[in-house]
Amino acid sequence: TENGFYCDPKLFKCRKLVFWMDSGAWVTREILLQFEVPRLTFLKCLLSVEDILSFVTQWFHSDNMKLEYLYILRHRQKISSEKFQTAELSPVPFSGRTRVPL
């Protein structure tokens with residue numbers, strides 16, 4: 001995509017959306033927060049750790065029941081656990097007995 005490219009995230013009416021390599025370079029934090037796709041995958045993601053955490057936090061505190069799966073691979077950049085703090089979300093360990101079936 002060229003600089004300045006924009007596409008309304010609401011137009012993606014699909015079950016699974018995969019951004020391969022630089023195809024997701026146009027996706028900003030604001031655009032990411034607007035996707036209503038159950039399964040999102042970013043391979044070679046250019047978003048910052050703060051952008052990703054913002055997305056996770058907003059999703060966690062929302063009533064969005066659509067998101068099932070989010071996979072983000074940041075090309076050659078590891079995210080240290082110190083930068084990706086989720087304590088304010090109060091996550092609990094996964095339990096198959098308490099998870100609501102889809």
Side-chain angles (χ1 to χ4, degrees):
T1 56
E2 294 181 17
N3 249 354
F5 174 82
Y6 174 78
C7 181
D8 186 349
K10 305 287 185 200
L11 294 175
F12 291 92
K13 304 287 184 192
C14 56
R15 181 116 179 88
K16 179 179 176 183
L17 183 58
V18 177
F19 290 99
W20 179 256
M21 300 306 281
D22 293 329
S23 67
W26 62 277
V27 178
T28 63
R29 176 194 314 211
E30 292 75 23
I31 292 172
L32 178 63
L33 294 170
Q34 295 177 51
F35 279 117
E36 294 181 4
V37 176
R39 295 177 167 264
L40 278 172
T41 300
F42 289 88
L43 303 173
K44 191 180 174 189
C45 179
L46 301 177
L47 294 166
S48 70
V49 173
E50 292 77 18
D51 292 341
I52 296 166
L53 187 55
S54 175
F55 174 79
V56 170
T57 303
Q58 179 172 318
W59 168 79
F60 189 84
H61 291 297
S62 75
D63 58 357
N64 177 355
M65 300 294 283
K66 280 194 174 186
L67 183 66
E68 299 170 2
Y69 177 86
L70 174 65
Y71 180 84
I72 296 175
L73 176 66
R74 295 188 72 222
H75 188 66
R76 296 185 185 162
Q77 296 175 334
K78 291 186 178 185
I79 299 175
S80 68
S81 57
E82 295 85 38
K83 285 188 173 183
F84 200 81
Q85 296 297 319
T86 58
E88 71 274 5
L89 301 179
S90 301
V92 295
F94 174 79
S95 169
R97 288 185 273 143
T98 59
R99 181 176 176 169
V100 177
L102 297 175

Could you give the distance from CH2 (W20) to NZ (K44), rounded to the nearest 0.5 Å? 11.0 Å
Going hydrophobic residue to hydrophobic residue with side-chain gaps under 4.5 angstrom, can you get from L46 over to V56? no
Is there a side-chain contact between L43 and Y71 (heavy atoms, below 4.5 Å)? yes
Approximate separation, where rounding is to 0.5 Å, of D51 CG and T28 OG1: 8.0 Å
Can you tell if the side chain of R29 reaches within under 4.5 Å of the side chain of Q58, non-hydrogen atoms only? no
Closest non-hydrogen atom pair between C14 and V37, with its separation: O-CG1, 3.8 Å
Please report the closest heavy-atom contact between L47 and V27, naming both atoms and the distance. CD2-O, 3.3 Å
Under a 4.5 Å side-chain heavy-atom rule over Ile, Leu, Val, Met, Phe, Trp and Tyr, are L33 and F19 clustered together? yes
Nearest heavy-atom approach of I72 to C45 is CG2-CB, 3.5 Å
Work out which heavy atom in K10 is nearest to a heavy atom in Q34; give both atom names and the distance. NZ-O, 3.4 Å
Closest heavy-atom pair, C7 versus W26, reported as atoms and distance to 0.1 Å, is O-CZ3, 3.3 Å
Answer yes or no: is there a side-chain heavy-atom contact under 4.5 Å between L32 and F42? yes
Spatial distance of atom CH2 (W59) from atom CG (L40) [nearest 0.5 Å]: 12.0 Å
Student check: side-chain heavy atoms of F35 and L67 closer than 4.5 Å: no
Which atom pair, heavy atoms only, marks the closest approach of P9 to Y6? CD-OH, 3.6 Å
